[in-house]
Amino acid sequence: MTSKPHIAHTLLTRAHSPDTAQTLFTERIKQKPLYIRPTSPTPSDNRSRRRLHRIRKKTYFLRKQKPQPLSAREKRATGLHALPKEECKYAIFQELHGMWVRYMQEMLELGEKKFKPPMNPTAHGSKLVSADFHGAEVEVVRSRCEGRVGVRGIVVRDTKFTFVVVTRGDEVKTIPKEQTIFRFWVPLPVSEAAMDVDGAGTSSTEVGDAGAGKGKELVFELHGSQFQNRPVDRANKKFKWRNVDYI
């Protein structure tokens, strides 16, 4: 039984001589290597490849991103804002109060010749609203809670809703801002102590035992209900007139 000739050899014999057709069939078709396509990957291989791609993509973006801030629970667990009891001394924070006084004098331009009394909310209200009160010595003068009236100390933490103060008895007390009016003092520089400053929301008095020596000082009252924001948020806050609730 003779085998059926290859279809390619049959077609070549129609166009070429028998010897040429045989040569072309042997060199171009019979001895030509056949490249087989590799087997398609299995579904499990596809899943592994997609998972590896997701991991590499996530690693790349995490490397480019900034670290996430700590949550409130993580801050409490790490004790980030905890105040050690042995360091909560009034004498320690007196240096901080002195720095705050110089900071307020510079902000209110008390040491410059261009400062002219009286001080009014229109000219200086926006500066007081955006000021930082870490280091200020405040006293509660009015409050819905009678037990808070008379508490006086240096602010060691200014949060959105509270003032944390250290009293002269080395006690740490947290005072809510809501429904509370605070009073604080800004001593005038020695060169300006002779000035008689008397304006809306301010007065000139003599410095008591809280100040070094005797001199005049500005007295301010701060309504805590209108001051419920963090120091970092007050930096760019615009001064707006608001109705003040009677306490």
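Given the structure is predicted, the values throughout are model-derived calculations rather than measurements. Below, all heavy atoms of this structure are taken into account, side chains as well, without hydrogens, waters or symmetry copies.
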What is the distance from atom NZ of K30 to atom NE2 of H9, rounded to the nearest 0.5 Å?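 It comes to 9.5 Å.
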Spatial distance of atom CG (L24) from atom CD1 (I29) [nearest 0.5 Å]: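 So the CG of L24 and the CD1 of I29 are separated by 8.0 Å.
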Student check: side-chain heavy atoms of [X] and [Y] closer than 4.5 Å:
X    : Y    : value
R168 : E137 : yes
V140 : I175 : yes
I92  : V166 : no
Y103 : D132 : yes
R148 : P176 : yes

Could you give me the CA-CA distance, side-chain angles and deciding distance for T162 and T159, then say whether side-chain hydrogen bond (donor to acceptor under 3.5 Å, both in side chains) is met? CA-CA 5 Å; T162 63; T159 65; 2.5 Å; yes
Salt-bridge contact [X]-[Y] (side-chain N to carboxylate O under 4.0 Å):
X    : Y    : value
R183 : E139 : no
R234 : D158 : yes
E171 : K89  : no
E178 : R144 : no

Check whether more than 12 heavy atoms from other residues, nucleotides or ligands sit under 6.0 Å from atom CD of E86, and answer yes or no.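 It does: E86 CD has more than 12 such atoms within range.
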Check: [X] side chain, [Y] main-chain N or O, donor-acceptor pair, under 3.5 Å:
X    : Y    : result
H97  : A136 : no
T13  : P18  : no
T20  : H16  : no
K177 : F227 : yes

Pairs satisfying salt bridge (Lys or Arg N to Asp or Glu O under 4.0 Å), at least one member in residues 6-28, at least two apart: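 Residue pairs passing salt bridge (Lys or Arg N to Asp or Glu O under 4.0 Å), neighbours aside: none found.
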Non-neighbouring partners of F93 that pass ring-ring contact (aromatic ring centres under 6.0 Å, His included), sequence neighbours left out: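 Partners of F93 by the ring-ring contact (aromatic ring centres under 6.0 Å, His included) criterion come out as none, since no residue qualifies.
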Cluster check V149, F182: I/L/V/M/F/W/Y, side chain < 4.5 angstrom: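 No: no chain of side-chain contacts under 4.5 Å links V149 to F182.
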Are V101 and M99 connected into the same hydrophobic cluster when the rule is that any two of I, L, V, M, F, W, Y join if their side-chain heavy atoms are below 4.5 Å apart?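 No, because M99 and V101 fall into different hydrophobic clusters, even though each may have its own neighbours under 4.5 Å.
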Minimum heavy-atom separation for M107 to A131, with atom names?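 Scanning both residues, the minimum pair turns out to be SD-CB, 3.8 Å.
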How close do R49 and N46 get, heavy atom to heavy atom, and via which atoms?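 Answer, listing the atom of R49 first, then N46: NH2-OD1, 2.6 Å.
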Could you list the residues that satisfy side-chain hydrogen bond (donor to acceptor under 3.5 Å, both in side chains) with D170, not counting sequence neighbours?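 Listed in chain order: nothing, the list is empty.
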Would you please test V165 and V138 for side-chain contact (heavy atoms from CB on, under 4.5 Å) and show each step? CA-CA 8 Å; V165 301; V138 298; 4.0 Å; yes
Taking the six-membered ring where the residue is Trp, are the ring centres of F184 and F133 under 6.0 Å apart?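 Yes - the distance between ring centres of F184 and F133 falls below the 6.0 Å cut-off.
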Would V186 and W100 satisfy side-chain contact (heavy atoms from CB on, under 4.5 Å), going step by step from the backbone distance to the final call? CA-CA 9 Å; V186 180; W100 179 83; 4.2 Å; yes
